**Q** 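Below is one structure. I have some questions about it.
Values below: every heavy atom of this structure, side chains too, minus hydrogens, waters and symmetry copies. Below, read A as the first sequence line, B as the second, and so on, with proteins coming before strands; counting in each chain starts at 1. Keep in mind the model is a prediction, meaning the values are calculated, not measured.
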2 protein chains.
Amino acid sequence: MKQQRNTKQRQMILDAVQTRLDHPTADQIYLDVRTIDKRISRGTVYRNLNVLTGQGKISHVKLPQTDRFEADAKLHYHLICTKCGAVCDAPLPYQKELDEMASAHTDYQILRHRTFFEGICPACQKKKD
Amino acid sequence: MKQQRNTKQRQMILDAVQTRLDHPTADQIYLDVRTIDKRISRGTVYRNLNVLTGQGKISHVKLPQTDRFEADAKLHYHLICTKCGAVCDAPLPYQKELDEMASAHTDYQILRHRTFFEGICPACQKKKD
DNA sequence: ATGGGTGCAAAGTGTTTGCAAGTAT
DNA sequence: ATACTTGCAAACACTTTGCACCCAT
């Protein structure tokens, strides 16, 4: 694997993800970092989010619409509001038995699974439209 | 809800999805339908795939990269090869208990969940690179 | 010094949309 | 006749990339 350096941009991007408690999109990270260094480019943010994900320092949350990133690298599920798009962690443990079941019944070499729940968040329920 | 018509384009698109045994992308459907009617447009395909999904006649498989569609409208999981992108149905039943668990532990009104397994398909395993 | 990294802008993907003309009901 | 649909092309939203310069090691 190629040697990877520690640039100040990469560090700022990691800090930005770790600072946020939610699930920011790449563009939100870009905007956050830009408040500190207004010369950073979107390309650099995208490239580094991928590098940091590869290093296991952050995780890439693959959802419909727009992908998101978060500091918590442990496997877990997400909840997404189909009205407003809000994303939060799901209060359920990762079901590793599902990977075992899938492995047992297919010839795929199963690595993991990703699950996201679709529903209406409390705020949108109140709007009752 | 607005009245929906039965156009020949819509029917051809539904037929195309039902004819395929795999999980075609919108563009694959477009190409398939084009072999029959070379005047159809991508916009029409996208619009109708959404309409048909809304009618419950087909299902929209939301995966990273490119969304796919399939004739089977029952809830089920998918397997995706991280090397070649191949998609197939997972041999596991939909775990409705997960929806109940999520409902019990959050204030979201849970509608469903989507799960996809990531792994290496048999063909790519043989390539052993 | 050397090769990974950055900024910039252009190019890609995949999908949606405005509009005038067409057509199912 | 009415209003849902279509074809076309332009517009979008998000992400990747080529390139010349820069900088961490």
Side-chain angles (χ1 to χ4, degrees), chain A residues 1-17 23-55 57-70 80 82 84-85 87 116, chain B residues 1-17 23-55 57-70 80 82 84-85 87 116:
Chain A
M1 183 168 86
K2 82 161 63 161
Q3 166 72 16
Q4 290 176 323
R5 296 179 184 175
N6 213 339
T7 62
K8 68 182 198 309
Q9 288 89 341
R10 185 164 296 163
Q11 187 60 51
M12 288 190 295
I13 291 166
L14 175 57
D15 289 345
V17 175
H23 300 77
T25 62
D27 205 60
Q28 288 174 320
I29 296 296
Y30 164 71
L31 293 174
D32 280 2
V33 175
R34 247 181 76 96
T35 63
I36 296 172
D37 174 359
K38 52 192 166 314
R39 298 191 49 65
I40 197 147
S41 71
R42 279 195 173 74
T44 295
V45 172
Y46 277 98
R47 275 184 292 234
N48 279 306
L49 287 172
N50 287 332
V51 169
L52 292 167
T53 299
Q55 295 177 337
K57 294 182 179 167
I58 63 175
S59 65
H60 187 162
V61 186
K62 298 178 182 181
L63 295 177
Q65 306 270 342
T66 314
D67 284 1
R68 291 156 181 277
F69 295 85
E70 66 179 331
I80 181 168
T82 53
C84 69
V87 173
F116 58 93
Chain B
M1 184 170 85
K2 86 163 57 162
Q3 166 71 17
Q4 290 176 322
R5 295 180 183 174
N6 215 336
T7 63
K8 69 181 197 311
Q9 287 89 339
R10 185 164 296 163
Q11 187 60 50
M12 288 190 296
I13 290 165
L14 175 57
D15 288 346
V17 176
H23 300 79
T25 62
D27 205 60
Q28 289 174 319
I29 295 297
Y30 164 71
L31 293 173
D32 280 1
V33 175
R34 249 182 74 97
T35 62
I36 296 172
D37 174 1
K38 53 192 165 314
R39 299 191 47 65
I40 197 149
S41 72
R42 279 195 173 77
T44 296
V45 172
Y46 277 98
R47 275 184 293 236
N48 279 307
L49 287 172
N50 287 332
V51 169
L52 292 167
T53 298
Q55 295 177 338
K57 293 182 180 167
I58 63 175
S59 65
H60 187 160
V61 185
K62 298 179 181 180
L63 295 178
Q65 306 270 343
T66 315
D67 285 0
R68 290 155 181 278
F69 295 85
E70 67 179 330
I80 180 169
T82 52
C84 69
V87 172
F116 59 91

**Q** Between D:dC23 atom P and A:I40 atom CD1, what is the distance in whole Å?
**A**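 Roughly 14 Å, once rounded to whole Å.
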**Q** Round to the nearest Å and state the distance from A:Q65 atom CD to D:dT15 atom P.
**A**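 It is 11 Å, rounded to the nearest whole Å.
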**Q** Within the 4.0 Å heavy-atom criterion, would you say B:D27 contacts the bases, only the backbone, or no part of the nucleic acid?
**A**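 Counting heavy atoms under 4.0 Å across all strands, no contact is made by B:D27.
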**Q** Roughly, in whole Å, what's the span from NZ in A:K62 to P in D:dC14?
**A**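 Spelled out: NZ on A:K62 to P on D:dC14 is 18 Å.
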**Q** Using a 4.0 Å cut-off on heavy atoms, which residues in residues 42-51 of chain A reach DNA chain C? List them by number, or say none.
**A**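 A:T44, A:R47, A:N48, in order of number.
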**Q** Calculate the interatomic distance between A:R39 atom CZ and D:dC23 atom C1'; express it in whole Å.
**A**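 A:R39 atom CZ is separated from D:dC23 atom C1' by 14 Å.
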**Q** How many whole angstroms separate atom NZ of B:K38 from atom C1' of D:dC8?
**A**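 Result: 17 Å.
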**Q** Kindly compute the distance separating OH (A:Y30) from CG (A:L49), expressed to the nearest 0.5 Å.
**A**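 Spacing of OH (A:Y30) from CG (A:L49) equals 13.0 Å.
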**Q** Starting from the C-alpha separation in whole Å, work towards a yes-or-no answer on side-chain contact (heavy atoms from CB on, under 4.5 Å) for B:N50 and B:H60.
**A** CA-CA 8 Å; B:N50 287 332; B:H60 187 160; 4.3 Å; yes
**Q** Hey, are the side chains of B:L63 and B:I80 touching, using non-hydrogen atoms and a 4.5 Å cut-off?
**A**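 Touching, per the 4.5 Å side-chain cut-off.
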**Q** Taking it one step at a time, do A:I40 and A:I13 satisfy side-chain contact (heavy atoms from CB on, under 4.5 Å)?
**A** CA-CA 10 Å; A:I40 197 147; A:I13 291 166; 4.1 Å; yes
**Q** Can you tell me how far C1' of D:dC22 sits from CG of A:D37, to the nearest Å?
**A**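 Atom-to-atom, A:D37 to D:dC22, this comes out as 14 Å.
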**Q** OP1 or OP2 of D:dC14 less than 4.0 angstrom from a side-chain nitrogen or oxygen of A:T66, does that happen here?
**A**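 Checking A:T66 against D:dC14: at least one side-chain N or O falls below 4.0 Å of OP1 or OP2.
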**Q** Less than 3.5 Å apart, any donor N or O on the side chain of A:Q28 or A:D32 sitting next to an acceptor on the other?
**A**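 Side chains of A:Q28 and A:D32: no pair found under 3.5 Å.
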**Q** I need the OH-P distance between A:Y30 and D:dA13, as an integer number of Å.
**A**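 Answer to the nearest Å: 16 Å.
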**Q** Any chance you could list the contact pattern along nucleotides 20-25 of chain C? Use B for base contacts, S for sugar-phosphate-only contacts and - for none, protein heavy atoms under 4.0 Å, 5' to 3'.
**A** ---BBS
**Q** To the nearest Å, give me how far apart CD (A:Q11) and P (D:dA24) are.
**A**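 The answer, rounded to whole Å, is 13 Å.
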**Q** To the nearest 0.5 Å, how far apart are CZ in B:R42 and CZ in B:R34?
**A**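 CZ of B:R34 is found 8.0 Å from CZ of B:R42.
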**Q** Any non-hydrogen side-chain atom of A:K8 less than 4.5 Å from a side-chain atom of A:Q11?
**A**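 A side-chain contact is absent here, since even the closest heavy-atom pair is not under 4.5 Å.
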**Q** Both B:D67 and A:R10 contact DNA chain C. Taking the nearest nucleotide for each, which residue is further toward the 5' end?
**A**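 Per heavy-atom nearest nucleotide, the more 5' residue is A:R10.
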**Q** Find out whether A:R10 and A:L14 are in side-chain contact, i.e. whether some heavy atom of one side chain is under 4.5 Å from a heavy atom of the other.
**A**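 When only atoms from C-beta onward are counted, A:L14 and A:R10 do not touch, as no gap falls below 4.5 Å.
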**Q** Is the number of heavy atoms from other residues, nucleotides or ligands under 6.0 Å of A:Q65 CD greater than 12?
**A**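 No - once you tally the heavy atoms of other residues, nucleotides and ligands closer than 6.0 Å, there are 12 at most.
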